[in-house]
Number of protein chains: 2
Amino acid sequence: MIGSIGAAAAAICIIICTAALQVESGGAEVKFKYEIKEFQVPLDHFSFLSNATFNIRYLYNDSFVDKKNAHTPIFFYTGNEGDIELFAQNTGFMWELAEKQRALLIFAEHRYYGKSLPFGASTFNASMPDHLAYFTVEQTLEDYAMLITFLRNDLPLPVVAFGGSYGGMLAAWFRMKYPHLVAGALAASAPILQFPGITDCDIFYRIVTSVFQNAYNSNCTTNIGRSWKTFETLGGTEAGKKQISDAFHLCNPIKNDADLKKFLDYIEEVYGNLAMVNYPYNSSFLAPLPAYPVRQVCFYLKDLHQNDADLLHAMASALAVYTNYTNSAKCLDISVNSNADESGWNVQTCNQMVMPFCSNGTDTMFRPSNWNFKEFSDKCYKDYRLTPKPYDIILRYGGRNIETATNIIFSNGLLDPWSGGGVLQAPNNKVDIIILPEGAHHLDLRHSDPADPPSVRDARNKEAAIIARWIQEF
Amino acid sequence: MIGSIGAAAAAICIIICTAALQVESGGAEVKFKYEIKEFQVPLDHFSFLSNATFNIRYLYNDSFVDKKNAHTPIFFYTGNEGDIELFAQNTGFMWELAEKQRALLIFAEHRYYGKSLPFGASTFNASMPDHLAYFTVEQTLEDYAMLITFLRNDLPLPVVAFGGSYGGMLAAWFRMKYPHLVAGALAASAPILQFPGITDCDIFYRIVTSVFQNAYNSNCTTNIGRSWKTFETLGGTEAGKKQISDAFHLCNPIKNDADLKKFLDYIEEVYGNLAMVNYPYNSSFLAPLPAYPVRQVCFYLKDLHQNDADLLHAMASALAVYTNYTNSAKCLDISVNSNADESGWNVQTCNQMVMPFCSNGTDTMFRPSNWNFKEFSDKCYKDYRLTPKPYDIILRYGGRNIETATNIIFSNGLLDPWSGGGVLQAPNNKVDIIILPEGAHHLDLRHSDPADPPSVRDARNKEAAIIARWIQEF
């Protein structure tokens, strides 16, 4: 289960990080220009143990700014798990809105990602546990608070925080904890409720299943649900292992149970990723994908297969939508499942970002799996010498008790499995909920595209109006 | 100036700590009974450097609780700089209100005070700088957040935070940062604005001066203002030094300039303390005091003195109101100016609680003094190996920008010099401001007394009504 948990959690990053490629390869002549700057922050904001500092990077674009305006808005992206340049290039909505609002654009890089490494090349050296000690949400929010204070330079400038996915969680929490520094926050696809005890651990897999169930016909999930038994049966013999390896064109054939488990973890992760990037237009992920890729996958699984061999071949065709859409791969290398650097996020799941995942094996198309915190925690200690604090986030940010939050937009696409941990009901009339029925993972933050469905365009219009009001009311 | 700054800041503690004696010596048969319990907290809530823990103490009284009520309110005192038992015994209003609201009473001891010492007897050993590293507001609020979470035990119990002085600051900040854990906060005499750049550094001394000016007649402050020159002139000669020492019955006569400076720092501190405890009834401080002690002091200074010797003797009589009201002291020992343990608070002024004090020497009755941060910071490093962060508090709690705060009562007595750093104007209609024209330092938190002026009784009634509403709305 650990593998799956890590995989699902890590996927938050994958989709954002690879989105960069998508825009760039999309053919649109969109240029994102910025200066790359550095800002010094304390290594530890919350103790007086040392005065050590390091630099975080931020991207700066003032090309839209009206120099005569004494109240220039600042649009501040609360960077998340990845190189900040990728986020800048993949949050086109901020650029479009900055032009309208004549805002200063800032994209702040999250500590421990990109080039904002507190201990340089040895940052992730787990044999130096102090190196990972300051890799927390609170330290990161303090970095942003200091940077905004510096950028405002004592001027009364309205700041709006933006973020997608984990970046959206940071944007929301930032507004909650530092309302004096940001007038409001757009938190897109931010699963702030995906924590122990406040959201069912099977919600992610249930949504993925639902997306697959509604993509073509219901045989899709029935076939996938049955496939685990097929893989198990075939995987029990040498001949079967070869049969699977051949059908999926594995670069490294399955030789033992451990290999089989890795393969199954891999395809389970693919399903989650597919649901997240179920975008309405062609996009790039680990490999290029068609519009609404889940529908394509399920097209190959439209007929119910009773026979193991038939099912195996249908599955192979279906998975190839994801693994080899362009027919350019000679074989499938399951050890490379992401262009993204997941090392940072994996650490965060082992300190504060403890998000339970499970499946009872009947309500979803996934294998049965329990959330085993002990096992998870032991692995975290083994890998990073970290003991996770699963209730840190709820203790500090309130879990479902966010009645006093104001000026936050929580937007969620219903095709996005992370929406299960999102805020879908407004706690009061100062928090706006925007639902995108056809939306996948923070589609609204991306650059406008002719293929955008109406709900995404509507969402962006609403978001723009609310943000304009925050700036005006400031 | 350092001495005076430290003295004025330290006085926050003095008045609270000694208030205990007052209640106990007041003759009222008030019994404060509680169980003393311990609660384990992480040494460092904000990094993953170590898993070290220690215990904080808290006082527990459930005698008022209606066991049939599923929504028992919890009244939670956010302990400040001192032994928690003293606060429990000197916050009579909480006990009175707990009886009415049938609330559970909790008084949490602030880390590094009383018996809540993370490193036991060596906690304040400055040669071990890691020992003082976790002595911050944020770590303390986290202690309280964890304790409340434990006490609520997943039940929907409304919690109200109470605090006076620095404890009031903590109560207010706690509501701002952890609104999901406390329904509201009564912040009595909480100078949350007494920080660099957002409040004039001479406000404290100006209010003290105003209290003295209005106590009897204006000759009082004129005499005190002139006295510095008198002390300087006399202090310039051996004979003059003796003259001062004799007039004030100093146990240790003034022998040099350093002694003279210490003496002047001492009396400057006395003026601040007098204004703070300018209570309407007899009370105990360093020595017993009459009701409205400033009036008594100024009575001895009602005539304008042109002559150094005359002024000196009038000053000596005036100061004796504070130093020897009962006529029991054989001599004045200026090295002992407080029963309170100031060691903790002095550390806090050297990390986050950087409160600038100054006087231009003309608008107040005090000596001219500049706020010299460099000098202050150097001393902090010398004493504790700490480099103060003067803008930490504003960065985190917003300074004057607290527009989004809700369910906080800021009460301030206008006779209290700390009111200059208090919140006297409501930032919105969800924050209540209560002004006590005749009130000294958090008089409203104390037990009802027949001598209470009407404004204090009114304040308590208003506070009770607002708190009842918070509980009902919860």
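Here is how names work: the chains are called A, B, and so on, in the same order as the sequence lines, proteins then strands, and each is numbered from 1. Remember, predicted model here, so these are calculated numbers, not experimental data.
The backbone N or O of Y112(B) sits nowhere less than 3.5 Å from a side-chain atom of S116(B) that would complete a donor-acceptor pair.
Geometric assessment of K379(B) against the ring of Y384(B) yields a negative cation-pi assignment under the 6.0 Å and 45° thresholds.
When heavy atoms are compared at a cutoff of 4.5 Å, T406(B) approaches chain A solely by way of its side chain, counted from C-beta outward. At a 4.5 Å heavy-atom cutoff, the contact between L181(A) and chain B is made by side-chain atoms alone. Heavy atoms closer than 4.5 Å to chain B are found in both the backbone and the side chain of R396(A). No part of Y391(A) comes within reach of chain B, as not one of its non-hydrogen atoms sits under 4.5 angstrom from that chain. When heavy atoms are compared at a cutoff of 4.5 Å, I394(B) approaches chain A solely by way of its backbone atoms N, CA, C and O. Heavy atoms closer than 4.5 Å to chain A are found nowhere in R385(B), neither backbone nor side chain. Contact annotation for H45(B): both backbone and side-chain heavy atoms come within less than 4.5 Å of a heavy atom of chain A. In this structure, chain B has heavy atoms under 4.5 Å from both the backbone and the side chain of D130(A). For L395(B), the parts lying under 4.5 angstrom from a heavy atom of chain A are both the backbone and the side chain. Within the 4.5 angstrom heavy-atom criterion, only side-chain atoms of Q139(B), from C-beta onward, approach chain A. For T404(A), the part lying under 4.5 angstrom from a heavy atom of chain B is the side chain only.
Under the 4.0 Å criterion applied to side-chain N and carboxylate O atoms, D378(A) and K382(A) are not assigned as salt-bridge partners. The existence of a salt bridge linking E138(A) and K177(A) is excluded, since no basic side-chain nitrogen approaches an acidic carboxylate oxygen closer than 4.0 Å.
The residue among N351(B), I402(B), N401(B) with the most heavy atom pairs within less than 4.5 Å of chain A is N351(B).
Between the side chains of E38(A) and Y58(A), no donor N or O sits under 3.5 Å from an acceptor N or O. For the residue pair D392(B) / Q352(B), a side-chain donor-acceptor distance below 3.5 Å is found, with atom types taken as modelled.
Note on ring orientation: taking the six-membered ring where Trp is involved, the planes of H110(B) and Y113(B) are perpendicular (angle over 60°, cut-offs 30° and 60°). A perpendicular orientation is assigned to the rings of F124(A) and F135(A), their planes being inclined by more than 60° (bins at 30° and 60°). Using cut-offs of 30° and 60° on the angle between ring planes, the pair F75(A) and F162(A) is tilted. Between F373(B) and F376(B), the ring planes lie tilted relative to each other; the angle falls in the 30° to 60° range.
Remark: aromatic rings of W345(B) and Y166(B) are close, center separation under 6.0 Å.
For residues 144-155 of chain B, heavy-atom neighbours of chain A at less than 4.5 Å comprise A145(B), M146(B), T149(B), sorted by residue number.
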Stepwise side chain to side chain contact (heavy atoms under 4.5 Å, CB included) check, I192(A) with F410(A): CA-CA 10 Å; I192(A) 65 166; F410(A) 289 104; 3.9 Å; yes
